[in-house]
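Hydrogens, waters and symmetry mates are skipped; everything else that's a heavy atom, side chains included, is used. We're numbering straight along the sequence, starting at 1.
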Amino acid sequence: MWKPKRVTKLWRLDDDAELRRAAMDWLAARTSDGQETIDRQTLSDFEFRGQRIPLVDPQRGIRKPAHLESALSIVTTYRPDGAARPYEDGLRPDGCITYKWRGTDPFHPENRALRRAMELHQPLIWFMGVGPGLFIPVFPVYLMEENEKDHEFVVTVAETGELSVPIVTDSPYERKYRLQLVKQRVHQPVFAATVMRAYETRCAVCSLRHRELLDAAHIIDDADPGGVASVRNGLALCKIHHAAFDRQILGIRPDYAVEIRFDLLHEIDGPMLRHGLQEHHGQPLMMVPRIKRERPDPEFLDQKYQSFLAATA
């Protein structure tokens, strides 16, 4: 079993900052700036100055290497849809996110490590679970305040690569911007990674497997009040079928059968139309998640299908 080397050198804040910057550069190179997943085993391979320093703790959600005065990373545990998390982290109306304490003791070493990161205005890495042992990293994030009553810290997300504490104001423009940033930096990558994992990186309609040609599509648009960021509101679709789905050219019934808009069924326009769309009419989806609770919600599909029928009437 791997054990950390004994550290005899006293670390300075400059050393701490250099390690954090190196860890984020290392993650950026391996995850396309936080757009791709990384597994727990790979996260244990990070090295700094010739020493291996795992970026997540195997048993805890808050990682503070022995070298550092404060926490380096936090984890939100993956749970399937409908399953309770050990700690519930949430989005606030002002665009900040809450991260729960470890337990309820304010003096627990892990809570003290987070508090110290807040006091020193140090950037952290947030690992969002999207599958067993699989994460989307969000970095840098900062702890802005502590809410002792609710046993939580308030987290704000910074621009990619911007290692400075964001200025948080209460203006409506700033709140709107923070909400957009959290959606772009956190919710969209987590949703996309969860959907791709569930569909084994294959298009639900045609089974194409090339990731660069696939999108994680919402069944009910995420701008809609009912458009939840859940795998059951998602489909892995190639770019052709995603565009056709969004533009009411292709519909998917609640029984997972595909329908193509009537006027296109009789149109003659080469092999792409014939093989890419017409031949899928009346056929079942070629790919659905193996795990039943991750399959498309029939109610979401029916709502979208009714829009398809109305558009083609």
Scan side-chain atoms only and decide if Trp101 and Glu146 contain a donor-acceptor pair under the 3.5 Å cut-off.
yes
Who passes side-chain hydrogen bond (donor to acceptor under 3.5 Å, both in side chains) against Arg185, sequence neighbours left out?
Thr160
Tell me whether the count of non-hydrogen atoms from other residues, nucleotides or ligands lying under 6.0 Å of CD in Glu200 goes above 12.
yes
Any non-hydrogen side-chain atom of Cys96 less than 4.5 Å from a side-chain atom of Val154?
yes
Should we count NZ of Lys239 as having more than 12 external heavy atoms under 6.0 Å?
yes
Could you tell me whether the side chains of Glu259 and Tyr305 share a donor-acceptor contact shorter than 3.5 Å?
yes
Are a donor atom and an acceptor atom from the side chains of Asp215 and His242 found within less than 3.5 Å of each other?
yes
Heavy-atom side-chain contact between Asp39 and Leu43 under 4.5 Å
no
Listing, residues 279-287 side-chain donor-acceptor contacts under 3.5 Å, not counting sequence neighbours, or none:
{"from": "Glu279", "atom 1": "OE1", "to": "His275", "atom 2": "ND1", "distance (Å)": "3.1"}
{"from": "Glu279", "atom 1": "OE2", "to": "His275", "atom 2": "ND1", "distance (Å)": "3.0"}
{"from": "His281", "atom 1": "ND1", "to": "Ile260", "atom 2": "N", "distance (Å)": "3.0"}

Which residue pairs pass the ring pair (Phe, Tyr, Trp, His ring centres under 6.0 Å) test when at least one of the two sits in residues 12-54, sequence neighbours left out?
Trp11-Phe48, Trp26-Phe46
Within 6.0 angstrom of Leu134 CG, more than 12 heavy atoms from elsewhere
yes
So do Leu72 and Leu19 actually touch side chain to side chain, heavy atoms under 4.5 Å?
yes
Could you tell me whether the side chain of Phe245 reaches within less than 4.5 Å of the side chain of Ile252, counting heavy atoms only?
yes
Is there a donor in the side chain of Arg197 and an acceptor in the side chain of Tyr78, or the other way round, less than 3.5 Å apart?
yes
Between atom CG of Leu68 and atom CZ of Arg20, what is the distance when rounded to the nearest 0.5 Å?
5.5 Å
Test item: side-chain donor near acceptor, Ser70 and Gln122, under 3.5 Å
yes
Apply the test side chain to side chain contact (heavy atoms under 4.5 Å, CB included) to residues Ser73 and Phe127: give CA-CA distance (whole Å), side-chain angles for both, the deciding distance (0.1 Å), then the verdict.
CA-CA 7 Å; Ser73 71; Phe127 291 104; 3.7 Å; yes
Crowding at CZ, Arg274 (>12 non-hydrogen neighbours, <6.0 Å):
yes
Is any side-chain heavy atom of Thr98 less than 4.5 Å from a side-chain heavy atom of Asp150?
no
Where is the tightest heavy-atom contact between Leu114 and Ala71, given as atom of each residue plus distance?
CD2-CB, 3.7 Å
For Glu212, does the CD atom sit with more than 12 other heavy atoms under 6.0 Å from it, leaving out its own atoms?
yes
Between Gln51 and His67, a side-chain donor and acceptor under 3.5 Å:
yes
So how far is it from Asp297 CG to Gln303 CD, rounded to the nearest 0.5 Å?
10.0 Å
Return yes when atom CZ of Arg247 has more than 12 non-hydrogen atoms of other residues, nucleotides or ligands closer than 6.0 Å, and no otherwise.
no
